[in-house]
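Below is one structure, written out as structure tokens, with a few remarks after it.
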Amino acid sequence: MTTGRTSAAPRPTAGALRLVEASTTRPRAVDISDYARQMTTHCPYLAPSLQQGLTTWTVYRADGNAEAVQAELFHTGAQAAEWLRPLLNRPHGLLRCENIVLVGDVPHTRHRDLLAWPHWVLKNLYGPVGVMFGKFHAGEQEVTAAGHRIPAAPVSFLPVRAAVRRRDPRFLSATPDLAAALAAADDDGRDVFEHIPTEWTEIRTWARHLLPPPKPSPPSPDTPASPQPPAS
């Protein structure tokens with residue numbers, strides 16, 4: 001299994017995320033246990049994953065400007081996905097989940113905005129090979145596609161796990177091309193970085209062409225905002 005260019009790509013932003021706690025099933029730096037138990041009622045795979053010690057948490061603290069933190073979140077997410085890929089076809093591979101936790105503040109930037117672009121790029125890169133990325137923001141009430149409220153996360157994090165091809169595409173109704181790629185996902189060992197740039201600013205620019213068409217909105221005298229990834 002190739003590891004792509006996740007370690008070879010230039011990383012002038014290295015250090016923008018400080019490791020607080022290495023991957024563990026029982027993090028001490030954040031209180032996640034009650035939240036994880038509550039979430040088992042919304043995710044049928046979470047309870048057996050927790051019981052078998054296959055849900056892990058790695059905690060990082062933001063220590064840089066917004067762009068540098070985004071770049072490091074992207075790099076860390078890619079490392080997690082490459083670690084996960086060869087494990088998916090092993091026993092209990094579908095129950096594995098690595099969660100990248102973000103703590104700390106970046107001035108004038110919400111965690112929602114720090115996670116948005118890394119999440120968008122990563123799920124487009126790894127969806128076709130069967131790796132699913134999620135996104136949760138600390139303290140924000142989440143609602144499922146069916147309209148059910150789920151517990152507010154105590155911390156912001158990106159879950160990285162095996163895609164469930166018959167189920168996960170339903171969560172991507174706003175991005176039908178991505179949903180279709182996920183439904184047909186097959187990991188043929190490809191280097192997902194083969195045809196994309198190496199620098200984070202260039203990667204983000206490349207990912208803009210994957211954004212779905214904007215919904216029509218009333219004309220505004222204000223300057224239009226830059227395109228942003230979908231919330232889901």
Side-chain angles (χ1 to χ4, degrees), residues 6-7 9-24 27-36 39 56-81 98-126 133-143 150-160 174-175 196-212 214 217 220-232:
T6 57
S7 59
R11 293 182 63 195
T13 56
L17 283 185
R18 299 290 185 180
L19 180 65
V20 174
E21 191 168 10
S23 183
T24 177
R28 296 183 179 182
V30 293
D31 186 2
I32 205 77
S33 56
D34 287 345
Y35 169 75
M39 287 296 291
T56 54
W57 308 83
T58 302
V59 184
Y60 293 92
R61 180 174 300 278
D63 189 18
N65 62 38
E67 185 169 302
V69 170
Q70 285 185 332
E72 286 298 293
L73 283 169
F74 167 74
H75 183 88
T76 301
Q79 285 187 317
E98 164 67 4
N99 297 282
I100 300 167
V101 179
L102 178 66
V103 298
D105 296 320
V106 173
H108 314 298
T109 308
R110 302 174 302 171
H111 278 193
R112 171 181 288 276
D113 298 318
L114 293 173
L115 297 180
W117 275 110
H119 172 253
W120 174 249
V121 178
L122 288 163
K123 71 179 184 178
N124 275 280
L125 282 178
Y126 284 100
F133 279 82
K135 175 166 54 74
F136 295 88
H137 313 107
E140 295 193 19
Q141 184 71 61
E142 301 284 346
V143 179
I150 61 176
V155 292
S156 299
F157 66 100
L158 295 173
V160 191
T175 53
I196 73 167
T198 57
E199 298 284 356
W200 168 245
T201 53
E202 296 175 348
I203 292 171
R204 191 172 56 192
T205 298
W206 165 84
R208 289 183 188 276
H209 85 274
L210 302 172
L211 293 172
S217 58
S220 169
D222 299 326
T223 302
S226 298
Q228 294 295 318
S232 61

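Below, all heavy atoms of this structure are taken into account, side chains as well, without hydrogens, waters or symmetry copies.
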**Request:** Compare every heavy atom of A138 with every heavy atom of S156, then report the nearest pair and how far apart it is.
**Result:** OG-N, 3.0 Å
**Prompt:** Taking the side chain from W117 and the backbone from R204, do they hold a donor-acceptor pair closer than 3.5 Å?
**Reply:** no
**Asked** Side chains of E98 and T58: is there a donor and an acceptor less than 3.5 Å apart?
**Response** yes
**Minimum side-chain heavy-atom gap W120-L211 below 4.5 Å** = yes
**Message:** Can you confirm whether L102 sits close enough to L17 that some side-chain heavy atom of one is under 4.5 Å from a side-chain heavy atom of the other?
**Reply:** yes
**Request:** Using a 4.5 Å cut-off on heavy atoms from C-beta on, say whether the side chain of V101 contacts that of P27.
**Result:** no
**Message:** Between N99 and I32, is the side-chain contact (heavy atoms from CB on, under 4.5 Å) condition met? List the steps.
**Reply:** CA-CA 11 Å; N99 297 282; I32 205 77; over 6 Å; no
**Request:** Verify side-chain contact (heavy atoms from CB on, under 4.5 Å) between V30 and Y35, making sure each step is shown before the conclusion.
**Result:** CA-CA 11 Å; V30 293; Y35 169 75; over 6 Å; no
**Prompt:** Got a second to check how far I150's CD1 is from F136's CZ, nearest 0.5 Å?
**Reply:** 5.0 Å
**Prompt:** If you take all heavy atoms of H111 and D105, which pair is closest and at what distance?
**Reply:** NE2-OD1, 4.4 Å
**Prompt:** What distance do W200 atom CH2 and Q70 atom CD have between them, rounded to the nearest 0.5 Å?
**Reply:** 5.5 Å
**Request:** To the nearest 0.5 Å, tell me how far N65 CG sits from L114 CG.
**Result:** 10.0 Å
**Asked** Is there a side-chain contact between I196 and L125, using heavy atoms and a 4.5 Å cut-off?
**Response** yes
**Prompt:** Which heavy atom of M39 sits nearest a heavy atom of P151, and at what distance?
**Reply:** SD-CD, 3.7 Å
**Prompt:** If you round to the nearest 0.5 Å, how far is NE2 of H119 from CG of N124?
**Reply:** 9.5 Å
**Asked** Between D63 (side chain) and A16 (backbone), is there a donor-acceptor pair under 3.5 Å?
**Response** no
**Request:** Report the distance from atom NE2 of H137 to atom CZ of R110, rounding to the nearest 0.5 Å.
**Result:** 8.0 Å
**Message:** On a heavy-atom basis, which atom in A29 and which in V59 lie closest, and how many Å separate them?
**Reply:** CB-CG1, 4.3 Å
**Prompt:** Can you tell me if E21 uses its side chain to pair, donor with acceptor, with the backbone of R28 under 3.5 Å?
**Reply:** yes
**Message:** Looking at every non-hydrogen atom in both residues, tell me the closest pair between A207 and V121 and how far apart they are.
**Reply:** CB-CG2, 3.5 Å
**Prompt:** Measuring from F157:CZ to K135:NZ, what's the distance to the nearest 0.5 Å?
**Reply:** 11.5 Å
**Message:** Testing the basics here: between G64 and V106, what is the closest heavy-atom pair and its distance to 0.1 Å?
**Reply:** O-CG2, 3.7 Å
